[in-house]
Asks: 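This is the structure I have questions about; it appears just below.
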Number of protein chains: 2
Amino acid sequence: MTRTRIVVADDHHILLDGLNALLQKQKDIEVVGLYDNGQKLFDDLPNSKPDVALVDISMPGMNGCELTQKIKEFYPKVYVITLSMFDDATHIMEMIEAGVSGYLLKNVNDKELLDAINMVKDGRMYFSAEVSEKITTMIVHQQKKLAQPEEPKLTERELEVLTLVAQEMNNAEIAKALFISERTVETHRKNMLRKTNNKTIVGLLKYALERNLI
Amino acid sequence: MTRTRIVVADDHHILLDGLNALLQKQKDIEVVGLYDNGQKLFDDLPNSKPDVALVDISMPGMNGCELTQKIKEFYPKVYVITLSMFDDATHIMEMIEAGVSGYLLKNVNDKELLDAINMVKDGRMYFSAEVSEKITTMIVHQQKKLAQPEEPKLTERELEVLTLVAQEMNNAEIAKALFISERTVETHRKNMLRKTNNKTIVGLLKYALERNLI
DNA sequence: CCCTAAATACACGCATAAGGGTATTTTCAT
DNA sequence: ATGAAAATACCCTTATGCGTGTATTTAGGG
């Protein structure tokens, strides 16, 4: 079994030293790079060839978010764990979108850090409990928004029409496509506008896109 | 240290028995309920009071997705792990939106299952490697879509106009709101349509919403 | 069997967007 | 200071959507 190759970027030397000391003690881990900023870590990737990158989120120059994006763009096989002081939804989302496989808070204990490394090196994801909770809340929130159907439900047929409207077809084209008369298409549009309290298709389209109806 | 209370729902008795046998062997786990469908599991929650629910995704009656939603709605402290045969993006997203803390494929081995239980019981999340990869791909995809700047950038002013268009204002109203002539509004619309290769505002609006421009 | 919701269809008129131009002024970077 | 891009403005014509109203047929639940 080969050892997991790890690189670390953090502009706080104390933390960098602490991490290094901890990681050096592990016999299944090999530290192949320590950097005090993101750019240096990135530039050294062809040489360091790590399995896992441990990156601070706030660093001078290239920050953890940009660094992660660039790593995932050019070396998608390198799994990134971010070490952050922030546990707010915005930071978490940003990093997840950037492509991290793990998100740890800086108060992480040794065992959890090693757990996280073990998880992500195999391609899984690791989020600490606080972060998991935030993610769950965000998703539940989002889902709440989506899940609220509050009646003015559009019918199947109406959605068909709306889908074609969204494809920039005009009523005549839609009529032809659905083998119905142009009048019927007009009626469907009118009914949809009425049901959803919208004045124009623009509002209707927003309504539909927000609810992932089309 | 108290033992983790677990309930399981699966309509395949063999799998249910197998899981039960495995879980019974663990001294830090207590199986407090086995059900052959989701409804039974849900109805028994006030009595079983589990820490973790292990649910099959495809069950007759209430399926895993609905079950998870209901569990998270009424008992948010119960963490759900889904056991699924499907590793496609759609199923995974559905379950995440429903609020699962873990997603395992049915080819899961004993160790991974126990790992997953240990993770989620502490409020963290666990996704097997295949699932993690899918999630990463989805997020990266989504991000790619957002990150694409590709030229036909709209100007500040054009975006202002578009924002008002999206609020279902007509050209006259927009003109009044921005203290410009209706002709100018028309010009902005035309220029935007041309730049983005759209025929109607509908297409333009989709363009803008997809890129979070407004 | 009845009732309702949905899907179908049509008429008329007004309002408005789209499509084609052209042109002036402002702003900003080279 | 000059040139390009952006914002401003106007004209004309055609196409299309919106508003309001009515009506028939079909499908499904009670």
Asks: Enter the distance from Ile135(A):CD1 to Phe127(A):CZ here, rounded to the nearest 0.5 Å.
Replies: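 Taking CD1 in Ile135(A) and CZ in Phe127(A), the distance rounds to 4.5 Å.
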Asks: Nearest whole Å is fine: how far is dA27(D) C1' from Glu156(A) CD?
Replies: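 Taking atom C1' of dA27(D) as the reference, CD of Glu156(A) is at 14 Å.
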Asks: Hey, can you pull the residues of residues 158-174 of chain B with a non-hydrogen atom under 4.0 angstrom from DNA chain D?
Replies: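 Going residue by residue through residues 158-174 of chain B, none turns out to have a heavy atom under 4.0 Å of DNA chain D.
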Asks: Examine dG17(D): is either OP1 or OP2 under 4.0 Å from a nitrogen or oxygen in the side chain of Thr200(A)? Give yes or no.
Replies: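 No, Thr200(A) has no side-chain N/O under 4.0 Å of OP1/OP2 on dG17(D).
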Asks: Taking any heavy-atom pair under 4.0 Å as a contact, classify Thr184(A): base, sugar-phosphate, or nothing.
Replies: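 Contact class for Thr184(A): base.
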Asks: Below 3.5 Å is the cut-off: list the nitrogen or oxygen pairs between protein and nucleotides 22-24 of chain C, distance only.
Replies:
none

Asks: CG/Asn63(B) to CD/Gln69(B) distance, rounded to the nearest 0.5 angstrom?
Replies: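 Atom-to-atom, Asn63(B):CG and Gln69(B):CD are 8.5 Å apart.
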Asks: Nearest-Å distance, CZ (Arg194(B)) to P (dG21(C))?
Replies: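 Between P of dG21(C) and CZ of Arg194(B): 12 Å.
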Asks: Would Lys40(A) and Asp44(A) count as a salt bridge (charged side-chain N to carboxylate O under 4.0 Å, His left out) here? Give the steps.
Replies: CA-CA 6 Å; Lys40(A) 288 182 193 169; Asp44(A) 198 36; over 6 Å; no
Asks: Under 4.0 Å between a side-chain N or O of Thr155(B) and OP1 or OP2 of dA5(D)?
Replies: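 Checking dA5(D) against Thr155(B), no side-chain N or O comes under 4.0 Å of OP1 or OP2.
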Asks: Atom CZ of Arg183(B) to atom P of dA9(D): distance rounded to whole Å?
Replies: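 Whole-Å distance recorded here is 10 Å.
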Asks: When you measure from the side chain of Asn198(A) to the backbone of Thr200(A), do you find a donor-acceptor pair of N or O atoms at a distance under 3.5 Å?
Replies: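 Checked: no pair found.
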Asks: With no angle test and no hydrogens, is the base of dG21(C) tied to the side chain of Lys190(B) by a donor-acceptor pair under 3.5 Å?
Replies: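 For Lys190(B), whose side chain was compared with the base of dG21(C), there is a donor-acceptor pair (under 3.5 Å).
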Asks: In whole angstrom, what separates Leu178(B)'s CG from dA6(D)'s P?
Replies: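 It is 18 Å, rounded to the nearest whole Å.
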Asks: Out of dA6(C), dA9(C), dA17(C), which nucleotide sits closest to the side chain of Ile201(B)?
Replies: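 Selected nucleotide: dA17(C).
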Asks: In whole angstrom, give the distance that lies between atom CG of Leu193(A) and atom C1' of dG17(D).
Replies: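 Atom CG in Leu193(A) sits about 10 Å away from atom C1' in dG17(D).
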Asks: How many angstroms lie between CZ in Arg124(A) and OG in Ser128(B), if you round to the nearest 0.5 Å?
Replies: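 Between Arg124(A) CZ and Ser128(B) OG, I get 8.5 Å after rounding to 0.5 Å.
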Asks: Roughly how far, to the nearest 0.5 Å, is CD of Glu66(A) from CD of Glu73(A)?
Replies: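 So the CD of Glu73(A) and the CD of Glu66(A) are separated by 12.5 Å.
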Asks: Separation of Arg157(B) atom CZ from dT25(C) atom P, in whole Å?
Replies: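 From Arg157(B) CZ to dT25(C) P: 18 Å.
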Asks: Can you list every pair that meets ring pair (Phe, Tyr, Trp, His ring centres under 6.0 Å) and has a residue in residues 80-100 of chain A, with sequence neighbours left out?
Replies: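 Checked against ring pair (Phe, Tyr, Trp, His ring centres under 6.0 Å) - neighbours excluded - the pairs reaching residues 80-100 of chain A are Phe86(A)-His91(A).
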Asks: Quickly work out the Arg189(A) CZ to dT8(C) C1' distance and round it to whole Å.
Replies: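 So the two atoms are 17 Å apart, to the nearest Å.
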Asks: Looking only at the side chain of His188(A) (C-beta and beyond, no hydrogens), which of the listed nucleotides dA9(D), dG17(D), dT8(C) gets closest?
Replies: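 Side chain of His188(A) sits closest to dT8(C).
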Asks: With rounding to the nearest 0.5 Å, note down the distance linking OG1 in Thr184(B) to CZ in Arg157(B).
Replies: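 Reported to 0.5 Å precision, the distance equals 9.0 Å.
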Asks: What distance separates Ile96(B) CD1 from Cys65(B) SG, expressed to the nearest 0.5 Å?
Replies: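 Atom-to-atom, Ile96(B):CD1 and Cys65(B):SG are 11.5 Å apart.
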Asks: Rounding to a whole Å, what distance do you find between Met192(B):CE and dA6(D):P?
Replies: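 Between P of dA6(D) and CE of Met192(B): 13 Å.
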